[in-house]
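Before any comments, here is the structure.
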Amino acid sequence: MLHAISAFAVALVLTAASAASASSDRCTKDALTIEGVPVMATICVPAGASGSKVTVSETLVGSAGTLNHTTIFDLLPAGVSRTVDDIVLEKLGSKRTLHVTLAYREGVVTLEHALLLPGAIPVK
């Protein structure tokens with residue numbers, strides 16, 4: 001019985017550590033509407049990210065599913081760094097592409113603009 005309790009305690013500690021690690025990522029969230037469907041966009045910079053390049057994760061969650069995507073930022077030595085990215089939305093049930101402009105400032109990435117392609121339909 002003591003062994004089972006110890007195994008449970010170890011599993012609990014590992015789960016808590018994993019959750020703490022994930023929560024230390026710096027994330028921003030935006031509520032978007034894509035073709036009439038609400039979609040939550042979460043953009044995260046990994047905890048401890050540094051250097052001249054940073055890989056950013058983008059997660060889009062809608063009623064049809066979840067889409068995970070990454071993009072790489074080439075960071076400027078000071079100020080704001082920007083990048084554009086195209087995200088194919090098939091996993092969310094759309095035949096369109098989301099064209100986004102992302103800005104990296106002081107360790108946080110924000111979604112500045114988003115357009116649906118084709119058609120350049122503004123989303124944000």
Look at the side-chain heavy atoms of Ile, Leu, Val, Met, Phe, Trp and Tyr, link any pair under 4.5 Å apart, and say whether Leu32 and Leu67 land in one connected group.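 Cluster IDs for Leu32 and Leu67 match.
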Using the rule that two of Ile, Leu, Val, Met, Phe, Trp, Tyr join whenever any of their side-chain heavy atoms come within less than 4.5 Å, decide whether Leu115 and Leu92 are in one cluster.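 Different hydrophobic clusters.
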Can you check whether [Y]'s main-chain N or O pairs, donor with acceptor, with [X]'s side chain at less than 3.5 Å?
{"X": "Ser81", "Y": "Tyr104", "result": "no"}
{"X": "Arg26", "Y": "Val108", "result": "no"}
{"X": "Thr28", "Y": "Val109", "result": "yes"}

What pair of heavy atoms forms the shortest contact from [X] to [Y], and how long is it?
{"X": "Ala120", "Y": "Pro122", "value": "O-CD, 3.4 Å"}
{"X": "Pro46", "Y": "Asp25", "value": "CA-OD1, 3.6 Å"}
{"X": "Ala64", "Y": "Gly93", "value": "CB-N, 4.2 Å"}

Compare all side-chain heavy atoms of [X] with those of [Y] and state whether any distance is below 4.5 angstrom.
{"X": "Arg105", "Y": "Arg82", "result": "yes"}
{"X": "Asp30", "Y": "Met40", "result": "no"}
{"X": "Lys124", "Y": "His113", "result": "no"}
{"X": "Glu58", "Y": "Thr42", "result": "no"}
{"X": "Val54", "Y": "Leu75", "result": "yes"}
{"X": "Leu102", "Y": "Leu111", "result": "yes"}
{"X": "Leu60", "Y": "Leu89", "result": "yes"}

So how far is it from [X] [atom1] to [Y] [atom2], rounded to the nearest 0.5 Å?
{"X": "Asp86", "Y": "His69", "atom1": "CG", "atom2": "NE2", "value": "8.0 Å"}
{"X": "Ile121", "Y": "Leu98", "atom1": "CD1", "atom2": "CG", "value": "11.0 Å"}
{"X": "Ile43", "Y": "Ser57", "atom1": "CD1", "atom2": "OG", "value": "9.0 Å"}

The test is side-chain contact (heavy atoms from CB on, under 4.5 Å); show your working for Thr70 and Val56 and say whether it passes. CA-CA 6 Å; Thr70 59; Val56 172; over 6 Å; no
Inspect the surroundings of CD in Glu90 and state if more than 12 heavy atoms from other residues, nucleotides or ligands are less than 6.0 Å away.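 No, the 6.0 Å shell around CD holds no more than 12 heavy atoms from other groups.
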With a 4.0 Å cut-off, would you call Glu35 and Arg96 a salt bridge?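 Yes, this pair counts.
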